[in-house]
Enquirer: 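Pasting in a structure now, in structure tokens, and then I'll have a few things to ask.
All residue numbers refer to positions in the sequence shown, counting from 1.
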Amino acid sequence: MTQAHSTPHRRSLVIIGSGPAGYTAALYTARASLHPLVIDGGPGLGQTMQGQGGQLTITSEVENYPGFPEGIMGPELMARMREQVARFGVEFVEDLATRVDLAERPFKVWVRDTEYQADVLILAMGASARWLGLDAEKPVWEGGLGGAGVSACATCDGPMPVFRNKELVVVGGGDTAAEEALYLTHFASHVYVVHRRDALRASQVMQKRLLSHPKVTVLWNKVVADIHDVAEKVVTGVTLRDTVTGETSRRECAGVFMAIGHKPNSDIVAGQVELDANGYVVTHNEVRTSVRGVFACGDLQDHVYRQAITAAGSGCMAAIQAERMLAAEAGGSTPEW
Ligand code: NDP
């Protein structure tokens, strides 16, 4: 049934996404001569985190990816993964997948008006930053980003001149908040971490670094209720609400960086593969979705580990399972799903 290359846009295997999961799936399937096509999200999509390289392109130093004893910058790690994948002749479509039809095989994937067909599909679209839902964040979603002083990416926007030697706010109490706050200390005069509880969620090592840093203060039991002057394309401060007393206060700052978790980028497959209550793709046997022939890997389906190394690992699993499925079908059998 595999008819790779019989039409210009027909492939045995299409991969959507180009984070560690997508690139690893591409690496393994390319080495298995499946000629994967990777729809990589396109360059410069920054804050949507669905662009080339995914979330690691907006991270600073990665210290926990094996093989890099001195650590490596996230963007460099992803550039090296892409280079490694390209060496095996993987073809890239440098844009976002806009629509899929998974009703029958071959599956159909559209990038704007161009249709691609695939016998097997690997979903690796990852996850994107969450926002508080304030009106003041809207200009950011509409494309204005860091210039307005509100951001979900300290690595992208922190070095901007507007934040230099200024007081900044980071929202959240997890590892991302800790990492972003510490990164911002390189530029800011002081960083205030606004956390809604009285205990951090971040790992012990990150907590220790954060709480001992002279340029960081954690504002406990507080939420950001408003951000001021975004309409004038400048941040001058935030209104904080105490989650215990309900009292409000104002803190001056030149920028607000959201670090309150992520949302899986599963919108284009919603209603076609099973999703859990939070929108993560549900998988069985590690990487198989509810649709035969559609695999999912990385942060799109993993809400537990969410690490580059686990994403890469599940990309590898998806690739090997896809390869075995195609080989079995080529031999005339219908493998279990
Ligand atoms: P998390 O889900 O771990 O943390 C989100 C934080 O935001 C929590 O402290 C949460 O508060 C807070 N929060 C969520 N919603 C709101 C809201 N509406 N208003 C105010 N605060 C809110 O997300 P992270 O992005 O920090 O981390 C995700 C995963 O990635 C984790 O497993 C983490 O360990 C991992 N990670 C690892 C890194 C590394 O190893 N170098 C670096 C970065 C992330 P509350 O605590 O009250 O729920």
Side-chain angles (χ1 to χ4, degrees), residues 1-2 4 10-30 32 34 36-41 49-50 54-55 93 96-111 115-128 262-308 310-330 333-337:
M1 79 161 283
T2 302
R10 176 79 185 262
R11 295 290 187 285
S12 300
L13 187 104
V14 168
I15 297 166
I16 308 179
S18 62
Y23 279 153
T24 305
L27 180 64
Y28 273 74
T29 51
L34 291 175
L37 178 80
V38 177
I39 300 173
D40 72 11
M49 301 184 195
Q50 294 184 60
Q55 293 177 83
V93 175
L96 277 173
T98 43
R99 187 159 65 95
V100 299
D101 181 351
L102 309 180
E104 57 179 17
R105 296 169 75 192
F107 304 117
K108 299 178 185 67
V109 182
W110 284 268
V111 174
E115 181 183 327
Y116 298 88
Q117 297 187 349
D119 294 316
V120 163
L121 190 60
I122 296 181
L123 305 174
M125 291 92 79
S128 298
H262 293 83
K263 173 187 176 301
N265 298 320
S266 57
D267 289 356
I268 61 164
V269 295
Q272 302 194 60
V273 299
E274 187 185 349
L275 305 181
D276 72 10
N278 296 317
Y280 286 88
V281 172
V282 175
T283 50
H284 67 282
N285 288 342
E286 290 100 18
V287 286
R288 294 181 206 183
T289 71
S290 57
V291 177
R292 181 185 187 81
V294 179
F295 299 88
C297 49
D299 286 13
L300 182 69
Q301 53 96 40
D302 168 27
H303 51 83
V304 178
Y305 302 106
R306 298 185 284 196
Q307 302 299 300
T310 48
S314 69
C316 165
M317 288 187 231
I320 290 175
Q321 290 200 23
E323 181 194 343
R324 288 181 182 163
M325 180 178 180
L326 285 166
E329 289 177 344
S333 60
T334 305
E336 260 180 52
W337 184 254

Enquirer: Please report the shortest heavy-atom distance between D276 and V282, naming the atom on each side.
Expert: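 Closest approach of D276 to V282, heavy atoms only: N-CG2, 3.5 Å.
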Enquirer: Give a yes or no answer on whether the side chain of N278 reaches the backbone of Y280 with a donor-acceptor pair at less than 3.5 Å.
Expert: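 Looks like no, no N/O pair under 3.5 Å.
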Enquirer: Between R10 and D119, does any NZ, NE, NH1 or NH2 come within less than 4.0 Å of an OD or OE carboxylate oxygen?
Expert: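 Looking at R10 together with D119, the answer is yes, because their closest N to O distance falls below 4.0 Å.
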Enquirer: Mind checking what makes side-chain contact (heavy atoms from CB on, under 4.5 Å) contact with D267, not counting sequence neighbours?
Expert: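 Once residues adjacent in sequence are excluded, the partners of D267 under the side-chain contact (heavy atoms from CB on, under 4.5 Å) criterion are K263.
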Enquirer: With a 6.0 Å cut-off (strictly less than), is the heavy-atom count around CZ of F107, excluding the residue itself, greater than 12?
Expert: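 Atom CZ in F107 is crowded, with more than 12 foreign heavy atoms closer than 6.0 Å.
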Enquirer: Using modelled atom types and a 3.5 Å cut-off, is there a donor and acceptor pairing between side-chain atoms of Q301 and backbone atoms of V281?
Expert: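 Checking the backbone N and O of V281 against the side chain of Q301, no donor-acceptor pair under 3.5 Å is found.
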Enquirer: Would you give the length of the straight line joining atom SG of C316 to atom CD of Q321, rounded to the nearest 0.5 angstrom?
Expert: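 Atom-to-atom, C316:SG and Q321:CD are 10.0 Å apart.
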Enquirer: Can a side-chain donor-acceptor contact be found between Q117 and E115 if the only test is distance below 3.5 angstrom?
Expert: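 Yes, because at least one side-chain N or O of E115 sits under 3.5 Å from a partner of the opposite role on Q117.
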Enquirer: Taking V294's backbone N and O only, do any of them form a donor-acceptor pair with T289's side chain (distance below 3.5 Å, no angle check)?
Expert: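 Side chain of T289 to backbone of V294: a pair is present.
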Enquirer: List the atom of W337, the atom of S290, and the distance in Å for their closest heavy-atom pair.
Expert: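 What the structure gives for the nearest pair is NE1-C, 4.5 Å.
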Enquirer: CG of D40 to CG of L96: how many Å apart, nearest 0.5 Å?
Expert: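 That separation rounds to 9.0 Å.
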Enquirer: I16 and I122: side chain to side chain contact (heavy atoms under 4.5 Å, CB included), yes or no, with the steps?
Expert: CA-CA 6 Å; I16 308 179; I122 296 181; over 6 Å; no
Enquirer: For E286, does its backbone N or O pair with a side-chain atom of T283 as donor and acceptor, under 3.5 Å?
Expert: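 Yes, the answer is positive, given that a donor and an acceptor are paired below the 3.5 Å cut-off.
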Enquirer: Are any side-chain N or O atoms of Q307 and backbone N or O atoms of A312, one a donor and one an acceptor, separated by less than 3.5 Å?
Expert: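 No; zero donor-acceptor contacts below 3.5 Å.
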Enquirer: If we ignore hydrogens and angles and just use 3.5 Å, is the side chain of S314 paired with the main-chain N or O of C297 as donor and acceptor?
Expert: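 No; zero donor-acceptor contacts below 3.5 Å.
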Enquirer: So does R288 get a backbone contact from the side chain of N285, meaning a donor-acceptor N/O pair under 3.5 Å?
Expert: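 It does not hold such a pair.
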Enquirer: Determine yes or no for a side-chain-to-main-chain donor-acceptor pair under 3.5 angstrom, with N265 supplying the side chain and M125 the backbone.
Expert: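 Yes; at least one donor-acceptor contact below 3.5 Å.
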Enquirer: Carefully, step by step, assess L123 and F295 under the rule side chain to side chain contact (heavy atoms under 4.5 Å, CB included).
Expert: CA-CA 6 Å; L123 305 174; F295 299 88; over 6 Å; no
Enquirer: Roughly how far, to the nearest 0.5 Å, is the CH2 atom of W110 from the CD1 atom of I39?
Expert: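 If I round to the nearest 0.5 Å, the distance is 11.5 Å.
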Enquirer: Considering residues, nucleotides and ligands other than R324, do more than 12 of their heavy atoms fall under 6.0 Å from its CZ?
Expert: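 No, the 6.0 Å shell around CZ holds no more than 12 heavy atoms from other groups.
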Enquirer: At what distance, to the nearest 0.5 angstrom, does CD1 of I320 lie from CE of M325?
Expert: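 Interatomic distance, I320 CD1 to M325 CE, rounded to 0.5 Å: 16.0 Å.
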Enquirer: Distance-only, no hydrogens or angles: does the S12 side chain make a donor-acceptor pair with backbone N or O of L34 under 3.5 Å?
Expert: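 Between the backbone of L34 and the side chain of S12 there is no qualifying donor-acceptor contact (under 3.5 Å).
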Enquirer: Using a strict cut-off of less than 4.0 Å between a Lys/Arg side-chain nitrogen and an Asp/Glu carboxylate oxygen, indicate whether E329 and R105 qualify as a salt bridge.
Expert: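 Yes, charged N to carboxylate O under 4.0 Å.
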Enquirer: What heavy-atom pair brings I15 and A25 nearest, and what distance separates the two atoms?
Expert: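 The pair with the smallest heavy-atom distance is CD1-C, 3.7 Å.
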Enquirer: Any idea which heavy atoms bring G17 and V38 closest together, and the distance?
Expert: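 It is O-CG1, 3.6 Å.
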Enquirer: Closest heavy-atom contact between H262 and A127?
Expert: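 Of all heavy-atom pairs spanning H262 and A127, the closest is CB-CB, 3.9 Å.
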Enquirer: Between D299 and P264, which heavy-atom pair has the shortest distance, and what is it?
Expert: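 Shortest heavy-atom separation between D299 and P264 comes out as O-CB, 4.5 Å.
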Enquirer: When rounded to the nearest 0.5 angstrom, what distance separates CD in Q272 from CG in L102?
Expert: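 Here the interatomic distance stands at 4.5 Å.
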